[in-house]
Amino acid sequence: MFAITVDIILNSLVLGGIFVIMGVGLNIIYGLNRVMNLAHGALYALGAYFGFSVVAVGGNYFLALLIAPIIVGILGLVIERVLITPMRKRSMIYTLILTYGLMFVIDGLIKFFWGVETRFIHLPEFMQGTVSLGSASYPVFRLVILIGIAAVVAALMLLLGRTRLGINMRAASEIPEMVSACGVNVRGVQISGFVLGCMLAGTAGVLAGPLFTVFPIMGHDMLISSFVVVVIGGLGSLRGAVIAALMIGFVQTLAEFFITEMAMVIVYMLMALILVIKPLGILGEGKFE
Amino acid sequence: MSNMEQAAPRSLIFERLGGGKAMWITTAVMVVILAVLPFILPNRFYIRLVNEIMIYGLLAMSLDVLLGYTGLLSFMHNAYLGLGAYATGLFMIHIWPESIWVAMLVGTVFTMAVALPVGWVQVRTGGLAFALLTLAFGMMFYTVAWKWYDLTGGDDGLMGLPQPDITLFGLKLASSGNSTAIYLFTLAILLICFVFTWRVIHSPLGAVLEAIRENEERASFVGINVRRYKLIGWMLACGLAGTAGSIYILYRGYTGPGVMGAFEGAGVLMMVLLGGMGTLWGPFIGAALFIVLKDQLSSWTQDWEIFIGAIVILLVLFLPKGVAGVPALFNRQSGGED
Amino acid sequence: MSTTILTTQDLSRAFGGVLAVNLVNLEVRDKMVQSVIGPNGAGKTTLINVITGRLAASGGKVLYLEKDITSRAVHHRVKMGISRTFQITSIFMGLSVWENVRIAVQSHLGGSLRILSARPSLGSVNDKTEAILKRVGLYKLAERPANLLAHGDQRVLEVAISLASDPKVLFLDEPAAGMSPAETDQVSELIADLGTEMAVVLVEHDMEVVMKISHHIIVLHQGGVIARGTPREIASNQEVKDAYLGGDDWAPLSNV
Amino acid sequence: MIKLEGIDTYYGTSHVIQNLSLEVDTGEAVSILGRNGVGKTTTMRSIIGLTPPKKGRVLINGTDVRGWPPHKIVHLGLAYVPAERHIFPDLSVEENLILAQGQGGGDGDWSLDKVYEYFPVLGQRRRSGGTKLSGGEQQMLAIGRALMGNPTIMLLDEPSQGLSPILVAKVASIVSDLCSQHGITLLLVEQNFRIALAMAGRHYLMGTKSKLQGEVRSQEIIEDQELIKRTLAV
Amino acid sequence: MKRILIIAASVLLALALAIPAVAADPVKIGVLVPLTGIVANGGKEMANGIDMAAKDKKTLLGRPIKLIVEDTRVKPAVAVSKAEKLVYQDKSVALIGVFSSGVGLALAKNIDKLNVPFVSTHVMTTKFYGLNPLVFRSGQLANDQTAVGNVEGILATPDLKKRKYYVLVHDYSWGHDAAKRFIALAKAKGVKVVNPDFDRAPIKTKNWSTYISKIKASGADGIYIALITDVIPRFMKQANEFGLMKTCRLVSGAAPGAVDLENAGTAGVGIFGASDYAWDLENFPGYQAKAKDWNTRYYKMYKAIPCDAAAHSYVGAMNLFKAIEKAGSTDPQKIAAAIRGISYDGPYGKVYICPGDNCMRNDAVLTETVKAPKNPYGATIYMKVLKVFPAKELGPPCKN
């Protein structure tokens, strides 16, 4: 029983952790740019594939964890400049549909370049096998990934809380006009936010790659889950996204363990219920903290 | 009367169409062309394709009632098509396989019955939250359809639909197993729905929906109970989607949870945007373009997604008002954003 | 003395810790133009928002024809006869002038649920729409889309919309804002005229307009009423001048 | 230093500023006096680039900055204190200050410590969230934030709004001292002429549609208080 | 007027896009395989096998063979609409391929309308026995057959015989069918199953950790899975990572996909199960020569490891081609009649289509995945053949 409890708790944390990174990324983009990025799941898949390729050409997993998000970030920059910038003054529905198209393009490109087969990211020797925690045991690599998730979240907190860019981002999600009137290039901040969000999607992809394996449409379900997280947490609220992500991670894992059949229905019901009580999500709209 | 006609607004394309004979002539011509199509086009593949376009056109039109006329975004309108399809199918399989009309009525009414409480919850939030709630509820319906194996057949879908005769006032017209018969039946239902929706949109109720789309706050400050009318708009849209679902299962003889998926929903949204919001015929063109493009591209190349995606991106960037916005490009004034 | 239509009792509204409207007691009387003035941030618009239901009150009551309407829904208040315009023009931009007014009239006269008849078939609605448009002088522009109207005409159109529900009380929030002098003259004439039929509550910065057409003025400062009276009384009220332009309590500064 | 030449600014369709020209010299403290709704704030926003004029020229030290993004205009040495303060609610006092640090491009040596020296209350509350401050504290924070950029020109919009007279007096005297000590050019917008008198030496009187009704020196107002009341009559 | 033109233009454009390209000269065969989605690898292998058969056969009725491949995306609705396109627009005379029972059953439901023979090569549900005169199963073993193979295999292997099995299947008709068949047979033969109600995982499941926890909790030391082939190595990998495979042995209702097995590396070792083909058959007397020849040519043509999906699709296509030659016409009823009772001696021996139920009977193998010895196909992991079952042992008996 102890072993199962340990399994469930750690699994929930791993799943919730991936949701955290995805949800926070979506919310940073939304909070700064008022863009709900439907291509976020595709970027996540892209991150996983770049991670796979880095390992495949001889790099190790940690190098992949470093390089893949950077490549996805650069791609994010291109996307922002070429596609999102012209849409700034348009209604949000257009960016929704535009990023939906982008999702298809990225999905297609993944298939074009990497083929359709499932890929496995090979992990370093020490990450294989299990570690025993009392009477329970748990895969080493999952623990490493959990630590990786924690490190990413910590780095993000440092970035947003302690750096000039982080302060600018938080301010720009509140009163962009005043940020600009304080002498900060607010467009630059918004673009950085977009790129950061994309990098987070890429990071989540590399982290999730060894967990769920790498395959072309891996981003689809993750996108929906990220949506659920963002909506429950409150649009644009980073803290809300973290709370919601962990909550969904636990609810989903528990529901899958105990009832299997309608696990996701429980998750959606929870979302509907929360929204009926708090239409703006747990932490309301537009809070960027 | 003519005086009033003159005073009537001329600002919007649909109003002009609605006011003039042009649209009705176009509609009549289209209906005639579509009606003779199965007899001049021997290739049944096209007939099936056009049939599918008509069904999805109806679905897209119903979404447009919501999006283009009421200003509410539904990410997963296809879920209501699915509800209609499942309700019709289950009714015919388990309860009464005899009448196609009763089954359609059941499909539509059931869809609306489900949509009522959902809509009631949704209209309390408004705006983006409304849209995101449509996603939540849509995914819920999808999951139920997918997981309730014993009732819905789960991933395998609902199969074994009986094929009763299509009758009218006791008169047997044809078998619903016949694809030409189903095609003409679809066309007839479509025409009824189109005229009905057109009538509603141009009725006093339609004016209220438009007012809500244009300016929700002002609408409430002229005494409109905004929530109530949003709910009415939602119910109308869901009812039409349910009807589309009923025809869908009759046409396809099968339905599965796939038609209710989130990404299919985005496809319907794309049809509306392709065709142009706020015109009743635009969604049909959008549906035609989307379905034909998707079908053809997926036959020509395995990388069809790239092209579909690229077309969508280009459309949004350069032709945001959809095909319905094309006339503006020909006008002297540029069709720029307002 | 005309009859009192609407009163507020210790009406308050707080944002965070700031009291934007603080214990305001107001009496709106029939067939009069009453103006609410005060410096920026005095709480004028907030007051109107609370009375018309756009914002909830934090305290106090709104009584309309002796009924407590403090927590009624907006559309109920409109149906009862409370109408308003907004500081930032709020009309149906995508619709024609005609349709803008027609929808408001329709909502008032009923028929919104007649889904199978054409819009022009509501005869009485059309007649009334025509009458209103003629009255405000927009009939010639009936077919024009509202977003293509000049700014001044848009503001007048909003007044026309708000007239459709046969209001007993009409709140006008800076109707002359952004208008040319000629337009301002026209609109103030219209408001004065309306004031002979119904209770008009006017929030306006243009003091010329206020002084010319108001029967009664209420001055707000920092959320509270600091003066009320006829235009003449207000013009000579020292406290009002101080609120606007700085009073004696600023004296320590004047020798800097 | 600042020179507006016939600018026209719109707010949506509303033509708020019509052909406005004015000038502020280096080191000068100038106010624009006028009732609410005449376009004073829009004038400020036109200068800083938040509502760029459609016509005319906005010269900062001789450079026409019309159409520049606000942050580039700020880099020329401007700082803006809006009437609403616009304190970032979820940033702490210190973070609000850091945000603007060094952005103005002037050669001042403003630092957190120096701001806290001038406004000790901010130092005490450096970790508090921006919106937890009282109105007066928010005003000081807004001014402190403006100073952090080492500006050479400060645009101050209605410092009196929503503050009690005592607080206004305090704020006014601090700002006046600061500007004269540090050689900061001040452009002030007010409807309360006593504050304007306290802080500026020269005053533009603005009437409806941003139309300038005249230009007076403080001395003239002190000598003839009715002047203001005549021109800007309530 | 303009709008009328636009509508007309749009309709014309739509129709123009849909106009077929070429007139029919070759014999056209519609190939339905999944090329996107989680079973895309399997789909590719199936397409390869059918393509190879067409290349081997070269002509039909003296006309060239043209394969028209469509992607079903493993969605029944998509498959049906693609089938309509293949038949109505492309004039295919027969349909072949199809992965997944759900897709196969949906297509079977519509086959009368389409009026062409449909040879499924990768559908395992037992519902296909005698389903429709136009519907055939020629390929993958059916669930009742794999159940026999697996249970017999378990009984014959001492390490497997005493274990308690946890049954985990994909949540759709094949999975349910496979589980029921296995459990019923296991019960009859005395193999222990800990969860007779069996556990069902959604097809989309990527994260198997919860299921692994449940298996751990159940106290089982054996696992019987009926998961879509491409997913098996993925499941194995995660089961390994959780240390589950230290205590458990895995029996699979379907053979793992070759590419995925290769991608999974050593994680994919230890999958036990019955299948129709494995390239290791080339080391077995009686099959040696034919298997070796087929393997070598397949590897040369597609640069891919020869596998069961390709082999039984090849055999299915050969059956169809032989029947068309035998029928001497492309008439659907005549082809269907010819398929019934047809037999073909291919890479895994002689197979024949039972005329009584339209389903194939063939020999099968019991395999286990192990590290591969040096081999010409570059495989590092392979399905080692432990035992060969003659068709008769697997059943069901063919009644006419």
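Quick note on labels: first sequence line is chain A, next is B, and so on, each numbered from 1.
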**Student:** For atom CE of M269(A), decide whether the heavy atoms of other residues, nucleotides or ligands shown that lie under 6.0 angstrom number more than 12.
**Tutor:** no
**Student:** Against chain A, label F75(B) side chain, backbone, both or neither, depending on which of its atoms sit under 4.5 Å from a heavy atom there.
**Tutor:** side chain
**Student:** What is the minimum heavy-atom distance between M277(B) and Y94(A), and which atoms define it?
**Tutor:** CE-OH, 4.0 Å
**Student:** At a heavy-atom separation under 4.5 Å, does F227(A) approach chain B through its side chain, its backbone, both, or neither?
**Tutor:** side chain
**Student:** Do the side chains of T143(B) and Y268(A) get nearer than 4.5 Å, heavy atoms only?
**Tutor:** yes
**Student:** Distance from L102(A) atom CG to I313(B) atom CD1, nearest 0.5 Å?
**Tutor:** 5.0 Å
**Student:** Can you tell which part of M103(A) gets under 4.5 Å to a heavy atom of chain B, answering side chain, backbone, both or neither?
**Tutor:** side chain
**Student:** If you tally heavy-atom pairs under 4.5 Å against chain B, which of L96(A), L223(A), V267(A) wins?
**Tutor:** L96(A)
**Student:** So do R90(A) and V316(B) actually touch side chain to side chain, heavy atoms under 4.5 Å?
**Tutor:** yes
**Student:** Would you give the length of the straight line joining atom OH of Y142(B) to atom CD1 of I224(A), rounded to the nearest 0.5 angstrom?
**Tutor:** 9.5 Å
**Student:** Sort W146(B) into side chain, backbone, both or neither according to what part of it lies under 4.5 angstrom from a heavy atom of chain A.
**Tutor:** neither
**Student:** Just verifying a value: how many Å separate L83(A) CG and L317(B) CG, rounded to the nearest 0.5 Å?
**Tutor:** 6.0 Å
**Student:** Is chain A contacted by the side chain of L314(B), its backbone, both, or neither, given a heavy-atom distance below 4.5 Å?
**Tutor:** neither
